[in-house]
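Take a look at the structure below.
Residues take their numbers from the sequence shown, with the count starting at 1. If you're wondering where the values come from, they're calculated on a predicted model, not measured in any experiment.
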Amino acid sequence: MDRRSALKRTGLLTGATISLPAMLSLLESCKQEPRLDWQPKFFTTEEVKTIGTLADMILPRTDTPGALDVKVDVFIDKVIAETYDQAGQEGMRKEITDFNQGCIKEFGDLFYDLSLSKRREVLEKAESSTAKFNPGIWGKTVGKQEPVGFYRSIKAMTIWAYFSSEEVGEKVLSYDPIPGNYKGCIPLIEVGNKWSL
């Protein structure tokens, strides 16, 4: 299985456990932000560079749009600014600082200033050393969820924002704004791509 397919599946699972309707208005407001003039509501310049670079590493542009093409970094900034309480915001700032300090300690520079190979090394280490999200059934987590940490929470938010975007919904996922007849029981192989509706 290639990385993009794995991320698509992860995004669909993650999206099922997060309250999507409450955040769709945030995502819709992100698409109107001009890319060059964007002023973060919450992040500092250093923090937004870290989040943007991280999101771009998780979902880079290929034959489909990347995370930055659909303004995932703008979305994450708005979610934190408008839905996190003060303790949550302070925790996020500390986690970004700790993440960058770890990069400085190991490689001598901030995450966004590292070479591509060193960034990959940082993410591979984070991927293997942090707890994963437990599976969920009907919106409830199965078992006791261990803290997933900064990297995995940003990865989940990146994937969620990406698959919730209008551009991905219409151009990457199968999209049928006026569906035809309902076919309730067909083999999955006949469905093909994941559907956005």
Next item on the list: Would you indicate whether the side-chain heavy atoms of M92 and I154 approach each other to under 4.5 Å?
Entry: yes
Notebook entry, point to check: In terms of side-chain geometry, is the basic nitrogen of E106 or K118 positioned less than 4.0 Å from the acidic oxygen of its partner?
Noted result: no
Notebook entry, point to check: At their closest point, which heavy atom of A126 faces which heavy atom of R152, and how far apart are they?
Noted result: O-NH2, 4.2 Å
Margin query: Can you confirm whether T158 sits close enough to L59 that some side-chain heavy atom of one is under 4.5 Å from a side-chain heavy atom of the other?
Written below: yes
Note to self: Can a donor-acceptor pair be found, under 3.5 Å and without considering hydrogens, that links the side chain of Y162 to the backbone of P65?
What the structure shows: yes
Margin query: Assigning hydrophobic clusters by single linkage (Ile, Leu, Val, Met, Phe, Trp, Tyr; side-chain heavy-atom cutoff under 4.5 Å), is I76 placed with L110?
Written below: no
Item checked: Heavy-atom closest pair, residues F42 and R93 -> O-NH2, 2.8 Å
Check: Given the rule in the side-chain contact (heavy atoms from CB on, under 4.5 Å) test, do L123 and F111 qualify, once you have shown the distances and angles that lead to the verdict?
Finding: CA-CA 10 Å; L123 297 188; F111 180 71; 4.1 Å; yes
Checklist line | Spacing of CD belonging to E127 relative to CD belonging to E124, to within rounding of 0.5 Å | finding: 9.5 Å
Note to self: How long is the straight-line distance from CG of D77 back to CD of Q39, given to the nearest 0.5 Å?
What the structure shows: 10.0 Å
Next item on the list: Check whether any side-chain heavy atom of I96 lies under 4.5 Å from a side-chain heavy atom of F43, and answer yes or no.
Entry: yes
Checklist line | Validation row: T64, K171 side chains within 4.5 angstrom (heavy atoms) | finding: no
Checklist line | Single hit among D113, T50, D109 for side-chain contact (heavy atoms from CB on, under 4.5 Å) with N100 | finding: T50
Margin query: Just verifying a value: how many Å separate T83 OG1 and K78 NZ, rounded to the nearest 0.5 Å?
Written below: 12.5 Å
Item checked: Residue of the set T130, L54, I58 for which side-chain contact (heavy atoms from CB on, under 4.5 Å) holds with K155 -> I58
Margin query: Within the supplied structure, the quantity of interest is the number of heavy atoms (other residues, nucleotides, ligands) at a distance under 6.0 Å from L116 CG; does it exceed 12?
Written below: yes
Notebook entry, point to check: For the atom pair NZ (K125) and OH (Y151), what is the distance rounded to the nearest 0.5 Å?
Noted result: 14.0 Å
Margin query: Let me check something: do Y112 and I104 share a hydrophobic cluster, defined by ILVMFWY side-chain heavy atoms less than 4.5 Å apart, either directly or through other members?
Written below: yes
Next item on the list: Please confirm whether the backbone N or O of G149 pairs with a side-chain atom of E95, one donor and one acceptor, at under 3.5 Å?
Entry: no
Margin query: Can you give me the closest heavy-atom contact between A67 and A55, atom names plus distance?
Written below: CB-O, 3.4 Å
Next item on the list: For residues K41 and A81, report the shortest heavy-atom separation together with the two atoms involved.
Entry: CB-CB, 3.7 Å
Check: Between D73 and G52, what is the shortest heavy-atom contact and its length?
Finding: CB-CA, 4.1 Å
Check: F75 vs W160 aromatic rings, parallel, tilted or perpendicular, using cut-offs 30° and 60°?
Finding: perpendicular
Next item on the list: Using the side-chain contact (heavy atoms from CB on, under 4.5 Å) rule, pick out the option among D69, V74, L68 that qualifies with K71.
Entry: V74
